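For reference, the structure discussed in these notes is given below.
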Amino acid sequence: MLPEKFLSSIKNVQGLDIKSFEATHLAQEQITSIRKNPFKNTTVFSEKNNEQVPWCKHGIYLSERPSFTLDPNFHAGTYYVQEASSMFLWHIVQQIFGDDTQKKILDTCAAPGGKSTLLASYFFDGLVVSNEVIKQRANILAENITKWGTTNCIVTNNDPKQFAPIKNYFDAVLIDAPCSGSGMFRKDITAIEEWSLENVSLCSQRQQRIIADIWPSIQENGFLIYSTCSYAAEENEDILDWIYNNFSVESIKINVPDSWHIVTSQSNQHKAFGYRFYPDKIKGEGFFIAVMQKKESAGKTKFKLNNFQLPTKQEQAFLQELVQLPNTLTLFKHHNEIKTIQANFLQDVAILSQYLYIKKAGTIIGELKGKNFVPHHELAVSILRLSNIATLELSLDEALQYLRKKEINTTTNHKGMVLVTYFGVGLGWIKVLDNRINNYYPSEWRILKN
Ligand code: SAM
């Protein structure tokens, strides 16, 4: 049952039909949706007749919820389990940027990575800075971004206020704000228990703080995409009015076909547009999203430029053997590791590292240790094409043993570092020795479920 206080607090929000809304919650239908990785093998889904999420071409609904933990494809990053309403972000960036995908995007509140992996797919030749303030959550974020495998992401672990000095920088900033969470009531009972009017008000203040902190880092004419999974006007339309009252902005109208049953709302004071998702109208959970264009400049920061070291000739020789890099990517050395990132954005890594704690930048290829080049796990799960690498396709049972970091009983004629794959997609490395096979799967990611 939904709390009375909650129901009466939302009875006037735009587009809500409270009776059918309540009935939908009582019915407790479970909706499962995933978003496919456009750069990995997802043919396993094309074979089935899965219903498409209308606003995101990579999104599909599954007819039943499998155990994702026991599906090696999930760990290989071939798809991300994402609530369907959230995938509307795809439609938004498509309308704003079209084919112009070489953009610098910040995802301010990014963990566990649903929207960042969507942005990484869309801006495949751009740069996605994926930030999370809470350290443990930043670890999960880095794991999910690594498994997604694209080379165009930086993961940072900073408070939004640390972005303030990076002025006039991003083409778009997403704030998927921490919120009171009423939109997730159907999926998450604890969200119901934790809900209170006081929390709605606290969340609204926190949302304003995050926006104010991030605001200078958006370029003039750049975009703020603001979203919550709350139904409260205080966290949604009222926040849009607050932005209007404090900054120079223009609300952006998004084209939404009527057949999608998304409610277009408008803020009281400034009539800014917002998009509301109700579970009795659409196939997904409660969600709100809006887009504002910044119409002022914060002045430009004069950034110090920095050059990274390049790989040595010896390292280059190993790399040529190992990986086929498209010429849109560049190599750089950070500590001793050799990494790659979109060439146009290498300078951004240098700039951002002067202000932020960077947990991960691009994709680590590996490291020269003595006479051997040791490939990194990030390379194994990346979308990069490897050459001259021995691979071993695993069965379901073998793949699960591998992901549990247990011994895998298999035979191979290869020796040394071998890439293990499932449905042709890299899961990680093993080292084949004369009398045993060492499992190199990262311990902190191993699955514990039997
Ligand atoms: N965007 C994520 C996704 O699609 O997977 C979900 C983000 S969740 C709605 C909000 C995030 O904001 C959480 O990861 C939370 O840790 C973070 N957060 C909490 N308090 C914050 C604060 N004061 N400033 C910035 N982020 C905060």
Side-chain angles (χ1 to χ4, degrees), residues 33-35 37 53 55-56 58-59 68 74 77 79-93 105-123 128-148 153 155-164 166 172-185 187-188 190-191 194-195 199-215 217 224-232 235-236 239 277 284-290 356-357 359:
S33 46
I34 59 156
R35 186 171 35 75
N37 188 332
V53 174
W55 39 82
C56 175
H58 302 298
F68 292 115
F74 170 70
Y79 62 89
Y80 192 95
V81 185
Q82 187 174 37
E83 199 287 296
S85 309
S86 296
M87 298 183 204
F88 189 68
L89 178 61
W90 184 274
H91 180 70
I92 286 186
V93 288
I105 312 291
L106 167 65
D107 184 358
T108 318
C109 312
K115 300 195 183 59
S116 279
T117 52
L118 181 150
L119 294 168
S121 301
Y122 195 86
F123 298 98
V128 176
V129 178
S130 194
N131 177 67
E132 168 58 43
V133 64
I134 298 173
K135 194 168 173 231
Q136 269 124 339
R137 290 179 63 82
N139 290 338
I140 296 163
L141 175 64
E143 175 181 336
N144 286 332
I145 298 281
T146 299
K147 287 175 175 171
W148 201 244
C153 294
V155 177
T156 58
N157 175 206
N158 289 87
D159 189 282
K161 64 171 172 283
Q162 290 168 291
F163 285 82
I166 313 169
V173 168
L174 167 67
I175 298 181
D176 185 33
C179 70
S180 62
S182 43
M184 298 309 277
F185 278 179
K187 284 209 147 162
D188 180 6
T190 51
E194 282 164 13
W195 185 91
N199 196 31
V200 169
S201 159
L202 279 175
C203 286
S204 153
Q205 287 162 29
R206 196 202 285 143
Q207 287 148 0
Q208 292 167 21
R209 256 194 333 265
I210 296 174
I211 296 167
D213 286 340
I214 286 298
W215 190 256
S217 70
L224 169 70
I225 306 173
Y226 175 79
S227 63
T228 73
C229 60
S230 163
Y231 297 111
E235 297 180 70
N236 297 328
I239 293 286
F277 293 69
E285 304 308 312
F287 185 58
F288 173 87
I289 193 159
L356 305 170
Y357 171 62
K359 263 192 85 65

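Note that ligands are numbered from 1 as they come in the structure, with each ligand's atoms numbered from 1 the same way. Computation of the quantities below employed the complete heavy-atom set of this structure, encompassing side-chain atoms and omitting hydrogens, waters and symmetry-equivalent molecules. All of these numbers come straight from a predicted model, not from anything done at the bench.
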For atom 11 (C) of ligand 1, closest protein heavy-atom neighbour: C109 CB, 3.6 Å
Sub-4.0 Å atoms of ligand 1 with respect to non-hydrogen atoms of A177: 9 (C)
Proximal candidate to atom 20 (N) of ligand 1 [heavy atom criterion; set A138, P178, S230]: P178
S86 heavy atom under 4.0 Å from ligand 1: no
Proximity of R137 to ligand 1 by residue part, where a heavy atom lies under 4.0 Å: side chain
Donor-acceptor pair between S227 and D176 side chains, under 3.5 angstrom: yes
Numbered atoms of ligand 1 (with element) below 4.0 Å of P112, judged on heavy atoms: 5 (O)
Any donor-acceptor pair under 3.5 Å from E132 side chain to A111 backbone: yes
Close-contact set for ligand 1 against R206 heavy atoms, below 4.0 Å: 23 (N)
Distance filter under 4.0 Å to G114 heavy atoms, resulting ligand 1 atoms: 3 (C), 4 (O), 5 (O)
Within reach of ligand 1, part of C179 (heavy-atom separation under 4.0 Å): neither
Polar atom proximity, D107 to ligand 1 (N or O, under 3.5 Å): no
Trace of the side chain to side chain donor-acceptor pair (under 3.5 Å) decision for T228 with N236: CA-CA 7 Å; T228 73; N236 297 328; 2.7 Å; yes
Atoms in ligand 1 with a heavy atom of I134 nearer than 4.0 Å: 16 (O)
Worked verdict on C109 versus I175 for side chain to side chain contact (heavy atoms under 4.5 Å, CB included): CA-CA 6 Å; C109 312; I175 298 181; 4.3 Å; yes
Ligand 1 atoms in contact with D176 (distance to a heavy atom under 4.0 Å): 1 (N), 2 (C), 3 (C), 4 (O), 6 (C), 7 (C), 9 (C), 10 (C)
Between NZ on residue K187 and SG on residue C229, distance to nearest 0.5 Å: 11.0 Å
Residue pair Y357 / Q162, side-chain donor-acceptor N/O under 3.5 Å: no
E132: numbered ligand 1 atoms lying under 4.0 Å from its heavy atoms: 11 (C), 13 (C), 14 (O), 15 (C), 16 (O), 17 (C)
S33 versus E83, side-chain donor and acceptor atoms under 3.5 Å: no
Aromatic ring proximity, centroids under 6.0 angstrom, F277 and F88: yes
Which of the ligand 1 atoms, numbered from 1, are nearer than 4.0 Å to a heavy atom of I210: 22 (C), 24 (N), 25 (C)
Close N or O approach (A111, ligand 1; < 3.5 Å): yes
Closest protein heavy atom (residue, atom, distance) for atom 27 (C) of ligand 1: V133 CG1, 3.5 Å
Flag, side chain of N131 to backbone of T108, donor-acceptor distance under 3.5 Å: yes
Short side-chain donor-acceptor distance under 3.5 Å, S116 and W148: no
Centroid separation Y231 to W195 less than 6.0 Å: no
Polar contact flag for P160 and ligand 1 (N/O pairs, less than 3.5 Å): no
